[in-house]
Amino acid sequence: MEPIIVISILIGILVLMSLLLVAAESAFGSTGEKVLTVNDSLQIPINESDTALNILSKNQIYIPSACGGKATCGLCKVKVTDGAFDLKPTEEPFIGPKDAEAGVRLSCQTRVAQDTKIEIPQSLFGAKEYDVELAALEDLTYDIKLVRFKMVNPKTLDFHPGQYAQFIIPGVEAVRAYSFAGDAKVKDHVEFLVRLVNKGVATTYIHEVMQPGDKMKITGPYGDFYLREESDRDIVCIAGGSGKAPIRSILYRLRDLNMPRKVRYFFGAKTKKDLYYTEEFDDLQKEFPNFEYIPALSEPLPEDNWQGETGLITDVLDRMTGDLTGSEAYLCGSPGMIHACIKVLNKHELPREHTYYDSFA
Ligand SMILES: Cc1cc2nc3c(=O)[nH]c(=O)nc-3n(C[C@H](O)[C@H](O)[C@H](O)COP(=O)(O)OP(=O)(O)OC[C@H]3O[C@@H](n4cnc5c(N)ncnc54)[C@H](O)[C@@H]3O)c2cc1C
Ligand code: FES
């Protein structure tokens, strides 16, 4: 073959490769240095295209991300003020047209492939990563365990009663949210209540693999579901299953404040074997006449000899509740339970702006 033809073919191949590189760069992100600017103050140089969520966490800014970046929790929202791409189909269930127009995006779905500016709430700068060590694992029911961690580094953690942390499950690096269940005054240990989910990645690890002394990383605290201490409204708490966790923490705080407000706590379970911490809440009831604990069984067994309330927690709430105009509510549990209870609370005139909940989706 003539040398000129060989050279032409080589040049052709080089041009084609360059074109492919440019196309790949615009499709998958640049490898050149870009900048992610956070709240107009922090500038993070980016050499490899990655999601905003990952870039932020590598730079010790921890955004709530209970599904670990799978676009199923909708918690990782940020506002992209410059460099936003169109909303992805995975984001649509969580972001309405108005927010989308304003630049709200899921940070786990936002790939930073060009200079980008985002805004995040200042409060998120308070979330940190912590090394913890399993101090105790205790059976509370057949499927719920108390998990007690010792804080290793940093040695203390502050949270508002009601908030949650995220566990980074070793080995699989799955991220899952768990509400603080203990006394917020105790800063060198933290407690959680974890319910086993069939074939669940995190809960199987926690229930069946973890041993006292094992290490893990957690991040937090997160969430705007926490006790409003400045309020003097009566309180209605509603929980099911492991939803008892944040309510327990809230009740510890109210106990320390001498139960200054009237508190009614509805706890829904199927049978007697799903009840736990009954004595703890009965004792609290004896100590503070202002506090009432109302466990209810939806499917009590004959051998349960159950003398307490029966029925779905929504029905029990409905029949035991009067006008709630002057109250506020804290709800925690499955999305279905929360949705149904909010309807009942609305029926009893509890203002929507005084209804706080964490859905364990
Ligand atoms: C803000 C927040 C706070 C939370 N706090 C707690 C807490 O204090 N205690 C606690 O136990 N959990 C809590 N959760 C739920 C927790 O984060 C996990 O989703 C749950 O433990 C399941 O994790 P997994 O990895 O074992 O299951 P996965 O591997 O994620 O799921 C396995 C399968 O089970 C289904 N599944 C997932 N979760 C449930 C569920 N709850 N019930 C039925 N099926 C399910 C999934 O759809 C999937 O098919 C909280 C969630 C949120 C968002
Ligand atoms: S991390 Fe759950 S939706 Fe983004």
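Residues: numbered from 1 along the sequence shown. Every number for a ligand or one of its atoms is a count from 1 in the order of the listing.
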Donor + acceptor pair across side chains of T203, R176 (<3.5 Å): no
Looking only at protein heavy atoms, identify the closest one to atom 8 (O) of ligand 1 and say how far it is in Å. S179 N, 3.1 Å
With a cut-off of 4.0 Å, which atoms of ligand 2 are near a heavy atom of T72? 3 (S)
Checking only N/O/S atoms, does C108 have one that is under 2.8 Å from atom 4 (Fe) of ligand 2? yes
Numbered atoms of ligand 1 (with element) below 4.0 Å of S359, judged on heavy atoms: 52 (C), 53 (C)
Judged by modelled atom types alone, do Y222 and T219 share a side-chain donor-acceptor pair under 3.5 Å? yes
Would you please say whether a donor-acceptor pair under 3.5 Å links the side chains of N54 and S57? no
Give the atoms of ligand 2, by number and element, whose distance to some non-hydrogen atom of C67 is under 4.0 Å. 1 (S), 2 (Fe), 3 (S)
Looking at atom 3 (S) of ligand 2, what's its closest protein heavy atom, distance included? G74 N, 3.2 Å
With no hydrogens and no angle check, do the side chains of E349 and T325 hold a donor and an acceptor under 3.5 Å apart? no
Considering S107, A71, C76 one by one, which has a heavy atom nearer to atom 4 (Fe) of ligand 2 than any of the others? C76
Candidate with minimal heavy-atom separation from atom 50 (C) of ligand 1, of G333, A66, A177: A177
Looking only at protein heavy atoms, what sits closest to atom 29 (O) of ligand 1 is V201 N, 2.9 Å
Answer yes or no on whether R228 is positioned over the face of Y226, meaning its NZ or CZ is under 6.0 Å from the six-membered ring centre and within 45° of the axis. yes
The closest protein heavy-atom partner of atom 6 (C) of ligand 1 is F360 CE2, 3.2 Å
Heavy-atom nearest neighbour in the protein, as seen from atom 12 (N) of ligand 1, with distance rounded to 0.1 Å: Y178 CE2, 3.4 Å
Yes or no, since that's all I need: does a protein heavy atom fall within a distance strictly under 4.0 Å of atom 47 (O) of ligand 1? no
Strictly less than 4.0 Å: does any protein heavy-atom distance to atom 18 (C) of ligand 1 fall in that range? yes
Less than 3.5 Å apart, any donor N or O on the side chain of H348 or D318 sitting next to an acceptor on the other? yes
Does ligand 2 have any atom that is closer than 4.0 Å to a heavy atom of G69? yes
Do we see a donor-acceptor contact under 3.5 Å between the side chains of Y265 and Q285? no
Just by distance, no angles: are the side chains of Y330 and E328 close enough, under 3.5 Å, to form a donor-acceptor pair? yes
Atoms in ligand 1 flagged as close to V194, the criterion being non-hydrogen separation under 4.0 Å: 11 (O)
Determine whether the side chains of Q163 and S179 contain a donor N or O and an acceptor N or O closer than 3.5 Å. no
